Amino acid sequence: MSYRRRPAERTTIERVAAVHSSEEKPNKTGDSRYRSWSRSWPLEQEETRIWLICLVIRAINGVMVQTYFNPDEHWQSLEVAHHLTFGYGHLTWEWKEGIRSYLHPLIFALLYKILAFLHLDTSLVMSKAPRILQSIFASIGDVYLYKLSKLVFDEHVAKWALFCQMVNWFMFFCITRTLSNSLETVLTTIGIFYWFLAIATSKKSKLDASRKLALAIAALACAIRPTSAITWFYVGLMDLFQVRSKFKFIFLEVIPVGSFVLALTCLVDRLMYQSWVIVPLNFLKFNFLSSGGDYYGTHVFHWYFTQGFPSMVWTFLPFTIVGIVKSRERRLAGLIAWVLGLYSVLGHKEFRFVLPVLPIALMFSGYCLASMKKQTSPPDAKAKNKRTTLVSEKSGNNPKLKFAIVFLLLTNVPMAVYMSSVHQRGTEDVMQYLSKEAHKGKVSSILFLMPCHSTPYYSSLHYNVTMRFLDCTPSEERGVIDESDQFMLNPSDFVKSMFSNSHLLNFSHIVLFESEEKHLRDLLSSHFVELKRFFHSHFKVDRDLQSSVVVYSRLS
């Protein structure tokens with residue numbers, strides 16, 4: 001079959017959505033294209049095989065990720081989980097203000113409990129196990145992208161979409177990290193699949209079950225990360241125009257399911273915070289109503305469209321654009337534009353915020369690759385009016401497709417490996433080294449003279465020693481510079497005023513970047529000696545080049 005659609009032809013989802021608005025009536029047994037989906041829940045045999053392959057690839061992916069990307073990967077999940085499980089660990093100011101939900105860290109707290117019970121909580125296992133667990137979640141997200149692509153388009157497109165998901169450098173770099181955004185992305189993909197399955201099914205019982213499951217998953221995604229509501233508001237609003245009974249949809253499905261998940265989340269947070277805390281409300285107040293996120297930096301309005309998202313999609317971008325145009329799947333294309341547009345309103349922007357729509361963009365790339373079949377023009381004039389036919393099912397017979405595959409592999413795989421295994425690795429390696437030294441009894445206290453949250457903390461050290469880092473808690477007074485910024489402005493003066501020589505001697509080890517070491521070498525040389533140096537990066541990101549991480553040890 002050809003993947004080029006006639007101008008008047010509607011997309012698959014648009015066609016089956018007509019069931020809700022009575023535009024079309026399905027036959028008694030339902031659309032044959034979706035009968036297999038109704039019988040196969042959640043995975044068919046072929047999909048199970050695909051999931052096992054994805055699981056192996058993502059497990060390797062999780063082990064290969066050895067670099068530092070965003071502080072939240074450690075400080076807002078693993079550090080909290082370590083504190084819950086072992087009784088020590090640092091809770092940032094967000095947990096004192098009730099801006100974060102304990103739902104996500106509890107997943108890793110359970111993992112830590114199991115490791116501790118089995119006496120497997122070594123420094124190496126503690127650093128690798130959380131990413132292996134997230135790899136399992138990521139593999140489930142992969143197979144559900146395959147299922148979603150198969151539902152919206154067909155099996156051939158689904159295979160190419162899965163290829164794009166596996167090859168894309170940013171997905172490899174980010175999806176196995178213990179960020180709440182990573183789990184949010186998995187839940188969003190699963191939820192959208194069941195939402196579209198509800199639209200596609202013809203049986204009322206299966207429609208209700210699929211949609212309620214989609215609503216529960218959507219509510220869970222919002223509980224883990226409240227900004228997920230941006231995605232689901234669009235999805236729900238689009239479907240609201242299709243359903244015949246809007247009252248039932250809102251008051252008998254959306255509100256009850258959402259309220260149940262919200263109540264469950266609030267109960268969990270009540271047990272953890274020891275008081276009633278409505279995290280989504282506090283999150284909304286800080287990030288949207290007071291623009292608290294701007295404290296961590298701002299970007300121009302168009303950043304997601306011109307820099308952020310294109311960098312994530314990378315060389316898949318032209319394929320994504322072509323796939324959007326050729327597929328005419330307006331709802332999913334609109335979802336990408338909606339999410340990027342709404343996040344653009346916020347001053348503080350990060351790559352990971354829009355991660356949940358990256359699989360959708362890669363699905364369109366898969367559609368483009370699936371359509372790149374060698375075609376031939378019919379010899380007679382009558383055949384010219386017919387749809388073109390595919391000559392070969394093998395990509396090897398199509399130079400364009402073969403070139404596209406090689407191009408995507410060469411531009412994504414090396415970058416994925418470099419960013420995951422080389423760039424900004426020093427801050428991860430230094431904590432593994434200090435953990436081993438601490439367990440040998442050679443470390444009693446550590447001072448981090450570097451921008452706040454530059455390294456993992458107790459969750460990686462896994463040893464209860466005194467540690468001190470430069471604070472960067474937002475001040476209620478505007479214009480007040482935190483410790484971290486003061487240090488970066490003038491490292492030498494800050495250390496002299498903040499830490500006297502006698503105070504510095506309270507620490508057995510000092511950790512800092514090479515870029516600041518040159519300002520403090522004379523100050524440290526009288527009482528400390530360089531112990532170890534770890535490579536960190538070849539190029540700067542948002543500060544001076546932090547080429548290496550240096551560990552100083554106090555002289556005996």
Side-chain angles (χ1 to χ4, degrees), residues 1-7 9-17 31-37 40 43-44 46-51 53-54 57 139 141-168 171 188-190 192-197 199-200 313 315-336 357-375 387-398 400-405 407-409 412:
M1 60 175 289
S2 170
Y3 292 91
R4 184 173 296 169
R5 188 178 278 117
R6 294 188 182 96
E9 187 179 354
R10 290 179 293 175
T11 64
T12 299
I13 294 299
E14 287 172 336
R15 178 169 57 81
V16 295
D31 191 329
S32 61
R33 181 171 180 174
Y34 299 107
R35 269 177 268 166
S36 62
W37 291 94
S40 58
L43 295 179
E44 293 179 335
E46 174 68 12
E47 291 164 357
T48 302
R49 185 181 68 84
I50 290 173
W51 173 66
I53 294 172
C54 292
I57 294 174
S139 67
D142 293 332
V143 76
Y144 268 92
L145 178 66
Y146 173 87
K147 288 166 67 70
L148 176 62
S149 304
K150 187 176 179 181
L151 177 66
V152 176
F153 299 115
D154 60 35
E155 186 175 0
H156 193 55
V157 173
K159 290 178 179 179
W160 283 109
L162 187 59
F163 166 81
C164 296
Q165 173 100 332
M166 290 298 181
V167 171
N168 176 260
M171 190 62 67
T188 299
T189 304
I190 299 172
I192 290 177
F193 165 76
Y194 282 111
W195 193 276
F196 276 26
L197 182 61
I199 297 174
V313 182
T315 51
F316 285 94
L317 183 60
F319 300 93
T320 296
I321 294 173
V322 172
I324 289 173
V325 173
K326 294 187 71 173
S327 69
R328 305 193 182 192
E329 182 51 59
R330 291 178 289 272
R331 288 187 61 172
L332 289 173
L335 174 61
I336 297 174
V357 293
L358 180 57
I360 305 299
L362 295 174
M363 183 177 73
F364 283 116
S365 293
Y367 185 95
C368 177
L369 292 175
S371 69
M372 291 177 64
K373 296 289 187 177
K374 188 175 181 180
Q375 298 177 345
R387 299 177 71 183
T388 56
T389 57
L390 300 179
V391 173
S392 172
E393 289 294 324
K394 295 182 180 180
S395 62
N397 295 334
N398 188 334
K400 289 184 179 180
L401 181 57
K402 189 173 182 179
F403 174 79
I405 294 171
F407 169 72
L408 291 171
L409 288 172
N412 280 271

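All values reported here derive from a predicted model rather than from experimental measurement.
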With sequence neighbours excluded, residues passing side chain to side chain contact (heavy atoms under 4.5 Å, CB included) with Ala361: Phe309, Val313, Thr320, Ile336
Atom pair CD1/OG of Ile324 and Ser365 - distance to nearest 0.5 Å: 8.5 Å
Trace of the side-chain contact (heavy atoms from CB on, under 4.5 Å) decision for Leu408 with Leu369: CA-CA 11 Å; Leu408 291 171; Leu369 292 175; 4.1 Å; yes
Distance (rounded to the nearest 0.5 Å) between Cys54 SG and Gln165 CD: 8.5 Å
Parallel, tilted or perpendicular: rings of Trp160 and Phe163 (30°, 60°): perpendicular
Distance (rounded to the nearest 0.5 Å) between Ser149 OG and Glu155 CD: 11.5 Å
Non-hydrogen atoms of Ile57 and Met166 that approach each other most closely: CG2-SD, 3.9 Å
Heavy-atom closest pair, residues Ala161 and Met363: CB-CA, 3.9 Å
Distance, nearest 0.5 Å, that separates CD of Glu329 from OH of Tyr367: 10.0 Å
Aromatic plane relationship, Tyr144 with Phe193 - under 30° parallel, 30 to 60° tilted, over 60° perpendicular: perpendicular
Inter-residue atom distance Leu332.CG - Ile192.CD1, 0.5 Å rounding: 6.5 Å
Heavy-atom pair of closest approach, residues Phe364 and Ser327: CE2-OG, 3.2 Å
Name of the residue among Asn412, Leu358, Ile321 meeting side-chain contact (heavy atoms from CB on, under 4.5 Å) with Phe316: Asn412
Leu162 vs Leu145, side-chain contact (heavy atoms from CB on, under 4.5 Å): CA-CA, chis, key distance, verdict: CA-CA 7 Å; Leu162 187 59; Leu145 178 66; 5.7 Å; no
Asp142 side, atom CG; Leu362 side, atom CG - distance, nearest 0.5 Å: 10.5 Å
Derivation and outcome, side-chain contact (heavy atoms from CB on, under 4.5 Å), residues Asp154 and Val157: CA-CA 6 Å; Asp154 60 35; Val157 173; 3.5 Å; yes
Under-4.0 Å salt bridge between Glu44 and Lys150: yes
